[in-house]
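Presented below is the structure to which this report refers.
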Amino acid sequence: MKKTVLAFSRITPSMTETLQRDFNVILPDPKRGDISAQFNEALPEAHGLIGAGRKLGRAQLEGAAKLEVVSSVSVGYDNYDLDYFNERGIALTNTPDVLTESTADLGFSLIMGCARRIAELDAWTKAGHWQATVSPSHFGSDVYGKTLGIVGLGNIGAAIARRGRFGFNMPILYTGNSRKPELEQELGAHYRTLDQLLGEADFVCIVVPLSDATRKLIGARELQLMKPSAFLINIARGPVVDEAALIEALQNGTIRGAGLDVYEKEPLAQSPLFQLPNALTLPHIGSATAETRDAMAQRAMDNLRAALLGERPRDLVNPQVWK
Ligand code: NAP
């Protein structure tokens, strides 16, 4: 008998078709009413879940008696209560690697966009303000040759650093849990403590996973350590940065600007950030290219399929549950 897969966020028709070859697939549909109610109703029959962007832990999964695996269409897994998954023996898989380059592209776009005030000056031009040559009040900052500080030199951090080092001749500083001798060699990167990095870098790029250790890693004290000419780029997770402290730092000129893809609460429908020309605000689009989203979907389906057919999935976040 086919096992049952329940989607907990929108999945494409082609994903559904592929999964239907091996499984019964249940897709909550907004046209049929409340999505959460449909999800809860289907949960007791589900052997596998697939999706992204939904918190899943004890409160949400207690009724999921048959659940074997959750396949997340994301690399970050802060939405899932891993202790609970381990207690229940539920496997969790994610989609690393396939989104590294597109997320790094986005990170670098934020660096460029902030430095050269791209969105702000685009809006200014379209508003018809360009009636004479721009004045120094519209000038931006150089990127080429400036110092790039990476907080979390993992897959995406290293991909951003490569862009900076080899495309823009930027000296690379990094901080993290451990030293990375191979990347130090490849990128000429130098390890710093977080405080040292904040004081030296012209662009501070946050690329750590959200965890108890990284929640509010950057707060008022850390922002004070940055140069007034420096920019903070956050493409990791919103809660890694204290958003109220960041807003204050942007308002007071403690730092020059920020490029943000992620926020404490998403979607970000209202925020003082919207009034700040030195904040570039994107709607969590790090991996949102057609090619990368397809690759992520494929990887998530491969992981789900393997786990439900009894093969060890490639991207097991909690290998200890795999027997
Ligand atoms: P990764 O390869 O696992 O790299 C994470 C890096 O963070 C590692 O170098 C790790 O250091 C470091 N790190 C972990 N905990 C730390 C701590 N407490 N203090 C300092 N450094 C720490 O992951 P990735 O693929 O680069 O992705 C990183 C994060 O980016 C994801 O977890 C996700 O939240 C976020 N992301 C966002 C988007 C978006 O759409 N904006 C897209 C993709 C990913 P060690 O290697 O020494 O442990």
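This structure is a prediction, so every number in the text was calculated from the model and none was measured. One-based numbering, in listed order, for ligands and for the atoms of each. Computation of the quantities below employed the complete heavy-atom set of this structure, encompassing side-chain atoms and omitting hydrogens, waters and symmetry-equivalent molecules.
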Ligand-side contact atoms (ligand 1) for residue partner [X], heavy atom cut-off under 4.0 Å:
X	result
A236	34 (O), 35 (C), 37 (C)
D261	39 (C), 40 (O), 41 (N)
H284	39 (C), 40 (O), 41 (N)
K180	9 (O), 45 (P), 46 (O), 47 (O)
A213	18 (N)
S287	40 (O)
T103	38 (C), 42 (C), 43 (C)
S178	45 (P), 47 (O)

Where on [X] is there a heavy atom closer than 4.0 Å to ligand 1, on the side chain, on the backbone, on both, or on neither?
X	answer
N155	both
V208	both
T214	side chain
L194	neither

Point-to-point distance, once rounded to the nearest 0.5 Å, from [atom1] of [X] to [atom2] of [Y]:
X	Y	atom1	atom2	result
L106	T292	CG	OG1	10.5 Å
I218	L194	CD1	CG	5.0 Å
R299	D97	CZ	CG	5.0 Å
L260	L282	CG	CG	8.5 Å

Using heavy atoms and a 4.0 Å limit, tell me yes or no: is [X] in contact with ligand 1?
X	value
L210	no
P96	no
V207	yes

Which protein heavy atom lies closest to [atom], and at what distance to 0.1 Å?
atom	value
atom 12 (C) of ligand 1	G152 CA, 3.9 Å
atom 27 (O) of ligand 1	I156 CD1, 3.4 Å
atom 31 (C) of ligand 1	V75 CG1, 4.0 Å

Does atom [atom1] of [X] have more than 12 heavy-atom neighbours, drawn from other residues, nucleotides or ligands, at distances under 6.0 Å?
X	atom1	value
Q320	CD	yes
R162	CZ	yes
E41	CD	no

Inset, instruction - May I ask you to establish whether R256 and F203 are in a cation-pi arrangement, using a distance under 6.0 Å from NZ or CZ to the six-membered ring centre and at most 45° from the ring axis? - result: no

Inset, instruction - Taking atom 23 (O) of ligand 1 as the reference point, report whether a protein heavy atom occurs under 4.0 Å from it. - result: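 Under the 4.0 Å cut-off, atom 23 (O) of ligand 1 has no protein heavy-atom neighbours at all.
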
Legend entry - atom 3 (O) of ligand 1 touched by protein (heavy atom, under 4.0 Å): no

Would [X] and [Y] count as having a side-chain donor-acceptor pair, cut-off 3.5 Å?
X	Y	value
Y263	S271	no
N94	D315	no
D302	Q298	yes
H47	E68	no

Legend entry - Under 3.5 Å: donor-acceptor pair, side chain of R117, backbone of F139: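 Between the backbone of F139 and the side chain of R117 there is a qualifying donor-acceptor contact (under 3.5 Å).
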
Side chain or backbone, does [X] bring an N or O within less than 3.5 Å of an N or O on ligand 1?
X	result
N177	yes
V262	no
T100	no
G286	yes

Legend entry - Residues K2, N24; criterion side chain to side chain donor-acceptor pair (under 3.5 Å); working and verdict: CA-CA 6 Å; K2 279 183 174 180; N24 297 317; 5.2 Å; no

Legend entry - The one among G154, G176, P209 that brings a heavy atom closest to atom 7 (O) of ligand 1: P209

